[in-house]
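The structure appears below as structure tokens.
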Amino acid sequence: MDVAKLAVPAVRQAEVKSDKQLNIQYEKMCDCSPNHINCLTAKEWIKNQIGVWQFYYESRDIRDKKHHPATFPISLARRCIELFTHKGELVVDPFVGSGTTLVAARDLSRNAVGFDLQQNYIELSQKDCARNFV
Ligand SMILES: C[S@@+](CC[C@H](N)C(=O)[O-])C[C@H]1O[C@@H](n2cnc3c(N)ncnc32)[C@H](O)[C@@H]1O
């Protein structure tokens, strides 16, 4: 299954208001046992249990406030997605902004959909997803 093809980067407001269903894959495609809440190994899980999280920026991160005033690092979105989802599942970001969550989800072979009040941020997130393949 090709997750990148199935992932929908962002949805225009008009589409959200309609009664159309989004055709996005959402079922896990890993071999994890049913009682696992994520695909992390026990060792990776322990590493995530430290009280203070530190993040780094990478070149793909949008840090220029002219594009969006409040972006998160991709590494933050990545960590949350890894903690609470399996490969193939669907990540929903109702405040998508520049699309950081969508980029992280795709990196991790998760499907994703994002919403934003502002059309210009929907467009920014679509552009961001288009160029941000790892
Ligand atoms: C903190 S920013 C998200 C930044 C995003 N995590 C990123 O890295 O680019 C919050 C976003 O939520 C949007 N927003 C605020 N209220 C909203 C609402 N009620 N419904 C949908 N989007 C909303 C804003 O337009 C803004 O782009």
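Atoms within each ligand, like the ligands themselves, are counted from 1 in listed order.
- Counting protein heavy atoms only, atom 11 (C) of ligand 1 is closest to Asp116 OD2, 3.5 Å.
- The environment of CZ in Phe84 is sparse: at most 12 heavy-atom neighbours from other residues, nucleotides or ligands sit within 6.0 Å.
- Judged by distance alone, with hydrogens and angles left aside, the side-chain atoms of Asn111 form a donor-acceptor pair with the main-chain N or O of Gly88 at under 3.5 Å.
- Every atom of ligand 1 is numbered from 1 in the order shown, and the set under 4.0 Å from a heavy atom of Tyr121 is 25 (O), 27 (O).
- Look at Val96 and you'll find a heavy atom under 4.0 Å from some atom of ligand 1.
- Of the possible donor and acceptor atoms, none in the side chain of Ser109 sits under 3.5 Å from a partner among the backbone N and O of Lys87.
- Within a 6.0 Å sphere centred on CG of Asp64, heavy atoms belonging to other residues, nucleotides or ligands number more than 12.
- Remark: ligand 1 and Ala70 share no N or O pair separated by less than 3.5 Å (distance only, no angle test).
- Proximity to Thr71 (heavy-atom distance under 4.0 Å) selects the following atoms of ligand 1: 7 (C), 8 (O), 9 (O).
- Among the candidates Leu108, Asp61, Ile74, the single residue satisfying the side-chain contact (heavy atoms from CB on, under 4.5 Å) test with Val103 is Ile74.
- Given atom 9 (O) of ligand 1, the protein heavy atom at minimum distance is Ser98 OG, 2.6 Å.
- Considering backbone and side-chain atoms alike, Thr101 places every N or O at 3.5 Å or more from each N or O of ligand 1.
- The shortest distance between side-chain heavy atoms of Trp45 and Ile37 falls below 4.5 Å.
- When hydrogens are left out, the protein atom nearest atom 8 (O) of ligand 1 is Thr100 OG1, 2.5 Å; that is the closest non-hydrogen contact.
- For atom 20 (N) of ligand 1, the choice among Val103, Asp93, Leu117 with the nearest heavy atom turns out to be Leu117.
- Of the polar atoms of His68, at least one N or O is found under 3.5 Å from an N or O of ligand 1, judged by distance alone.
- Looking from atom 6 (N) of ligand 1 to the surrounding protein, the closest heavy atom is Phe72 CD1, 3.2 Å.
- Interface atoms of ligand 1 facing Gly97, defined by a heavy-atom separation under 4.0 Å, are 9 (O), 27 (O).
- The ring pair (Phe, Tyr, Trp, His ring centres under 6.0 Å) test applied to His86 returns no partner, not counting sequence neighbours.
- Taking atom 23 (C) of ligand 1 as the reference point, the nearest protein heavy-atom neighbour is Phe95 CD2, 3.3 Å.
- Of the possible polar contacts, none joining the Thr85 side chain to the Glu82 backbone as a donor-acceptor pair under 3.5 Å is found.
- Not a single donor-acceptor pair under 3.5 Å links the side chain of Gln54 to the backbone N or O of Tyr56.
- Closest protein heavy atom to atom 21 (C) of ligand 1: Pro94 O, 3.3 Å.
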